[in-house]
There are 2 protein chains.
Amino acid sequence: MKVEAGTPILMEGSNAPQLYTALHGMGIRYKTLPSGDRQVINFVFPGDFVGLQAGVMGEMSHSVEASTAMTLCVFDRKALWSFFKDKPERAFDITWLAAIEEHFLGETLLTVGQRDALSAVAWALVKLLLRGRSVGLARNDRLPLPFRQQDLADALGLSLVHTNKTLRKLRVKQLASWADGVLQVNDLAALAALGQAGIAPMPKRPLI
Amino acid sequence: MKVEAGTPILMEGSNAPQLYTALHGMGIRYKTLPSGDRQVINFVFPGDFVGLQAGVMGEMSHSVEASTAMTLCVFDRKALWSFFKDKPERAFDITWLAAIEEHFLGETLLTVGQRDALSAVAWALVKLLLRGRSVGLARNDRLPLPFRQQDLADALGLSLVHTNKTLRKLRVKQLASWADGVLQVNDLAALAALGQAGIAPMPKRPLI
DNA sequence: CGTCTGATTGAGGTGCATCAATGCGCGTGG
DNA sequence: CCACGCGCATTGATGCACCTCAATCAGACG
């Protein structure tokens, strides 16, 4: 399936009969409050599995939207159960993905709850670069990042204005710059130190 | 296995060969930053499965500590794989638990990132009560809650002082009070409205 | 009784939000 | 071809929600 930028792929609360694997393009997962505030949960990279919650719990707990044009591989929900019955290795992979996701969510929570704005943004850029590396999208610490500053702000619980000012600080410090949809990291070690982030390569994810 | 209050059960980064199901007592899951800041990920209730990450990924991404005396059912890590091979329903249950956990973490992230202090505390108390109800610990909206204000503060990314003042506001408003290890909710509907929280009963979790 | 942990409350400072305005690139229609 | 609108980035000014510091208090325990 192909969708263009801005297309909603899954909606919070919906009982989607389909699951997807992102093959090309990027997107965001997010939740919204009745008041309209939005929290970006994380960013969807190529290879990511999307919709596990609907597959297991019968209902999505967050929405997914394409930030660029995307091509997706579509699964039927019933396929999930057949994995558990007939392909225990595949089932294990899926659980492993869920555990990875939980791990990352915990780190994000730590960031939003405890780090100040400068640390948080630094941490996020480090993670995005590492994630990009792990799927081969980064060349020379240069990574296409087709999101808006508002998306990053909503991911970190910051205002758009403050996120912008914080990015400028990182640019002035020559640590990293993000403009025109491309992130350029100049000093990964210093950036990681500022964000108290590890720089170990991310584990390879199984492709479902 | 029995442990007393304050005992660390699993440590972040450790490669624990054992998994647990909490039978009695309560605890907290948390992560810490090199700087010493702590983020409480969530609270462990009776029936909760603990250590899935170590079982699947080989390493815990957060620590678990007993807040009261606890009795735990101990599993060997190898048992996990045998579930996937021989008991697909059990394996599915485990994945389902992981999905539930992910769902809840997402809600927490939404809270920490977007809600203000009053909403956040109200939301947390609602969730704790519902969780308590679902395991039969709540009588008349009265629930034993053997944690410190510091724990709640660290869960919501607030300071201890501000958490205390926020709890006082809820007490003054006659919505809920938490003292001497017991939470008393007086007006669940109003509390949930303040916290923009749903009050649907939580789904029953499979006991592993 | 001292000591220790946890709750409570007041005072003062700040990191971040909010408000507001400008600029810039791009598509669209006159 | 230019005027206009629109989405997004940028920047300055102002205010407040929350943090930090500091003191007091109550109960538990040796």
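A quick note: this is a predicted structure, and the numbers were derived from the prediction, not measured. We name chains A, B, ... by the order of the sequence lines, and we start the count at 1 in each one.
- Every residue meeting the side-chain contact (heavy atoms from CB on, under 4.5 Å) condition with A:Glu65, not counting sequence neighbours, appears here in chain and number order: A:Ile28, A:Tyr30.
- Proximity of residues 144-151 of chain B to DNA chain D (heavy atom under 4.0 angstrom from any strand atom) is not detected for any residue.
- Not one N or O on the side chain of A:Ser177 forms a donor-acceptor pair closer than 3.5 Å with the backbone of A:Arg171.
- B:Ala155 and B:Val112 make their closest contact through O-CG2, 3.7 Å (heavy atoms, listed as atom of the first residue, atom of the second, distance).
- Near DNA chain D, meaning a heavy atom under 4.0 Å away, there are no residues from residues 172-187 of chain A.
- Taking all atoms of both residues into account, the shortest heavy-atom contact from B:Gly47 to B:Thr21 is O-CG2, 4.0 Å.
- For A:Val44 against A:Ala22, the heavy-atom pair with the smallest separation is CG1-CB, 4.1 Å.
- Using a 4.0 Å cut-off on heavy atoms, none of the residues of residues 107-128 of chain A approach DNA chain D.
- A donor-acceptor contact shorter than 3.5 Å is absent between the side chain of A:Ser134 and the backbone of A:Lys204.
- When every heavy atom of B:Ala91 is checked against every heavy atom of B:Phe83, the shortest pair comes out as CB-O, 4.1 Å.
- Defined by atom type and a distance below 3.5 Å, a donor-acceptor pair is present between the side-chain atoms of A:Gln149 and A:Asn164.
- Shown here for B:Val40 and A:Leu109, the closest heavy-atom pair between the two residues is O-CD2, 4.4 Å.
- In this structure, B:Arg205 contributes its side chain and B:Ile100 its backbone to no donor-acceptor pair below 3.5 Å.
- Contact detail for A:Gln196 and A:Arg115: the closest heavy-atom pair is O-NH1, 3.1 Å.
- The stretch residues 159-168 of chain A comes close to DNA chain C through A:Ser159, A:Val161, A:His162, each having a heavy atom under 4.0 Å from the strand.
- Panel note: side chain B:Asn140, backbone B:Arg142; no donor-acceptor pair is recorded below 3.5 Å.
- In summary, B:Asp48 and B:Arg131 engage in a salt bridge, as defined by a charged side-chain N under 4.0 Å from a carboxylate O.
- Using a 4.0 Å heavy-atom distance criterion, A:Gly157 is classed as a sugar-phosphate-only contact.
- B:Gln114 contributes no side-chain N or O that, together with a main-chain N or O of A:Asp37, makes up a donor-acceptor pair within less than 3.5 Å.
- The CG atom of B:Leu156 sits 18 Å away from the P atom of D:dA17 (whole-angstrom rounding).
- Taking a heavy-atom distance under 4.0 Å as the criterion, the stretch of DNA chain C touched by chain B extends 5' to 3' from C:dG6 to C:dA11.
- Side chain of A:Ser67 to main chain of A:Phe147: no donor-acceptor pair is present (N/O by atom type, distance under 3.5 Å, no hydrogens or angles).
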